[in-house]
Each structure stands twice: as structure tokens, then as C-alpha cells.
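I have placed the structure first, in the form of C-alpha cells, so that the comments after it can refer back to it.
In this text the structure is predicted, and so the values were computed from the model without any measurement. Residue numbers start from 1 in every chain, and the chains themselves are labelled A, B, ... in the order their sequence lines are given, proteins ahead of strands.
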Number of protein chains: 2
Amino acid sequence: MDDSSKRDRIQRYRQVCRELGERCTAQRLVILEAVLELDNHPTADDVFSAVSTRLPTVAKPTVYRTLEHLARVGAITKACHPGNVARYDSRVDLHHHLVCLHCNQFVDFENETLDGLAIPDTSDMGFEVTDFRVQLRGICRSCQARAREGDSK
Amino acid sequence: MDDSSKRDRIQRYRQVCRELGERCTAQRLVILEAVLELDNHPTADDVFSAVSTRLPTVAKPTVYRTLEHLARVGAITKACHPGNVARYDSRVDLHHHLVCLHCNQFVDFENETLDGLAIPDTSDMGFEVTDFRVQLRGICRSCQARAREGDSK
DNA sequence: TTAAGTGCAAAAGCTTTGCGGGTAG
DNA sequence: CTACCCGCAAAGCTTTTGCACTTAA
């Protein structure tokens, strides 16, 4: 993410903290900054590593707690994916994902037609929908290659 | 899931095993049957509990290995969700999910308009897409209620 | 018959908790 | 000031691994 968007996002987070009466600590800011720089859906451990290089005193439980906090206040989002480790998404805007069902990797996918999708009525489910994502499920390039290798053996 | 669909699915699984040269063991059949009966995206542990009542000798690692196996051969699917435990989906057909970003719960959502969505071209990403899901993200009924309670305090 | 599958026990990995001390507002 | 937050250590889950035994085909 470029520097000016990053500054914007951090600024907006400070604002949200003020509104909600949440504390804006040095740890929280460093962790948010790290997520914004780690583009591809980092795990808590990825974030911990990145944070350790710039503020080595930050503890792992703080990273876990802070990531949940940041997601709760909307500064980042939780990623939905087929793996079994929590992953976070620095993006909060509308976008979509290509999901590999072989290796569980997933990458961002931009598409205006998908963005234009009308959100259906979900009131009878008691659900208040604010947003959506389309997951395109299939097989990534490297898993296709691996499958071809397997065939030829 | 009703009995006749269940029988169909098990039958189809036997067929796939024959084609792929995979072994069709008693454990695999019991585990598949359990997933088909557990409608709401069970975890490995949910499946283990269900299986234990009917074939108590099945070990937990077998459940883990078998669920991966069943997903690999397409008898079930992995669910994509914001939590950090692997969850499986007995459904392999086109459907969608309502995802609660507060409590990580998610439920099935049927909608023909969403089903009709054209899959965009992803060849430039090297991705072979076979399927898709739309995640409608928001807040579920009980989390809304909890939020209202919180407000009034 | 025999390679794939299973059970067991143990290890490894991820996440949460409790608590004393620190600090933003 | 003081309620909220953090670091530490430890516990609690979930998932994987290695190996000897069993079994489907």
C-alpha cells in the first residue's frame, strides 16, 4: 500500500478511536501499520514478525488482541478462506478473492461487474448485511502444474 | 439431508473411489455419512463426536485425514469463513453464505440471482475457476440484539 | 499379497487467559 | 487518577506426525 493511503488509514483509525473512546497506543499503531504494509492476508504470526523488527518489545498476545480489536472497529477485516489459521485483510473496500481449493492460497481479484452485484434482501434471515465478497474457487497455477506432473508420472 | 440424497451421495463417493483407486473403508463411509447429517458446517471435532456414537473405535487423526481426503475427491467441500478452525460443508452444489463478522457464525443462503452470476475471466491470473460462492457479510440477529443491549447500558 | 489406511501416542502449531505492572486520556 | 492496555508465562485447543498394525482390492 502506498504511503499516502497508509497515512489516511492511520488517521481514520485515530479518529475512530476518539469516537469510540478506545485507546490509541503505540503498539496498536505499529500493528496497524504492519498489516497495511503486508498486502497478502497475513496471519497473526506474519504480523508479529513484521512488528518485531520495528518495535521488538511487542508481545504475541498483544498482536492477537490488537488484530481482533482492529477488525472490531473496522480498521482492517478478517479474511474468509479455507485454511485453519486466522488471516487478516488490510483492505476494507469492495473486492473479491480467487481461492485455491488445493493449497488454500487466495489472492485478490478486481472486477467491476462483481462489484456491481445488488445485495439481495436478507431481512427474513434477521441478518443485517453491510458488504459482500465473491469467492472464485478453483485451482491456482502452481497446483495445476503439480497436478500435471503427477499425471505424467 | 434426507435419506435418499444421502444414499445418492454415498453411492457417488463409492463410484469416485473406484475411478480413482482410493480405498472405500468403513471409517470413511461413517465419516462421510456423519458430515452429510451434520448440516451446519461442522468442525473436525463435531464430526469426531458424531462418528464416535456409531463407530467408537474411530480415532481423531483418522477424522482429520478423512475429511481432507473427502474434500480432495470432491465428496464434500471446505468452508471459507472468518474463524480459525477448519470447517467442512456437506453441500457441493452452488449456494451462498451469510457471514457474521461479530461472532464468525455463518449460514447458508439461497438466491437464484446470485446463482446466475457469470464467472469472470481469470485466465490472466493463471487460475482455473470451477465454482463460486457469494459471502454476504454483516451482523447476525443475536449479535444485533447484543449490540442493542450494550447500547442501553 | 501388499500398498494404502488406521489407531495410538506424542509433538507441533495456533490462540487464549490470568495477572501484575504500565500508561493514555 | 484510573480504567484500559500490555508483557509474560502458562494453559488450552486444534492439527499433524511417526510408526506398527490392519485391511480393501
**Message:** Is there a side-chain contact between B/Tyr64 and the phosphate of D/dT15, meaning an N or O under 4.0 Å from OP1 or OP2?
**Reply:** yes

**Message:** If you take any heavy atom closer than 4.0 Å to DNA chain C, which residues from residues 39-63 of chain B end up in contact?
**Reply:** B/Thr57, B/Val58, B/Ala59, B/Pro61, B/Thr62

Name the atoms and distances for all side-chain donor-acceptor pairs under 3.5 Å in residues 54-66 of chain B, with sequence neighbours left out.
from: B/Arg54; atom 1: NH2; to: B/Glu37; atom 2: OE1; distance (Å): 2.8
from: B/Lys60; atom 1: NZ; to: B/Asp45; atom 2: OD1; distance (Å): 2.7
from: B/Thr66; atom 1: OG1; to: B/Thr62; atom 2: O; distance (Å): 2.6

**Message:** Tell me every residue that passes side-chain hydrogen bond (donor to acceptor under 3.5 Å, both in side chains) with A/Thr122, counting only those two or more places apart in sequence or in another chain.
**Reply:** none

**Prompt:** Ion pair present between B/Lys78 and B/Asp89, side-chain N to carboxylate O less than 4.0 angstrom?
**Reply:** no

**Request:** Mind checking side-chain hydrogen bond (donor to acceptor under 3.5 Å, both in side chains) for B/Glu112 and listing every partner two or more places apart, or none if nothing turns up?
**Result:** none

**Complete:** In short, the helix from C/dT1-D/dA25 to C/dG25-D/dC1 is bent end to end, axes from five pairs each side, to 10°, by 50°

Taking only N/O atoms, report every protein-nucleotides 20-22 of chain D pair under 3.5 Å with atom names and distance.
none

**Request:** Using the six-membered ring wherever Trp is involved, compare the ring planes of B/His97 and B/Phe106 and label them parallel, tilted or perpendicular (cut-offs 30° and 60°).
**Result:** perpendicular

**Item:** With sequence neighbours excluded, residues passing side-chain contact (heavy atoms from CB on, under 4.5 Å) with A/Asp121
**Value:** A/Ser123

**Item:** Set of side-chain hydrogen bond (donor to acceptor under 3.5 Å, both in side chains) partners for A/Gln11, sequence neighbours left out
**Value:** none

**Complete:** Bounded by its outermost nucleotides with an atom under 4.0 Å from a heavy atom of chain A, the footprint on DNA chain C reads C/dC14 to C/dG25

**Asked** Of all residues at least two apart in sequence or in a different chain, which pass the side-chain contact (heavy atoms from CB on, under 4.5 Å) check with A/Val92?
**Response** A/Arg9, A/Thr77

**Item:** Contacts of type side-chain contact (heavy atoms from CB on, under 4.5 Å), residue B/Ala75, not counting sequence neighbours
**Value:** B/Tyr13, B/Leu32, B/Leu70, B/Val73

**Message:** For residues B/Ile31 and B/Leu20: do they belong to one hydrophobic cluster (side chain heavy atoms under 4.5 Å, members Ile, Leu, Val, Met, Phe, Trp, Tyr)?
**Reply:** yes

**Message:** Just to verify, what does A/Asp131 make a side-chain contact (heavy atoms from CB on, under 4.5 Å) with, not counting sequence neighbours?
**Reply:** A/Leu94, A/Arg133, B/Arg137

**Message:** Whether A/Arg28 and A/Glu68 form a salt bridge (side-chain N of Lys/Arg under 4.0 Å from carboxylate O of Asp/Glu) is what I want to check.
**Reply:** no

**Request:** Indicate, with a heavy-atom threshold strictly under 4.0 Å, whether B/Arg65 touches base, sugar-phosphate, or nothing.
**Result:** base

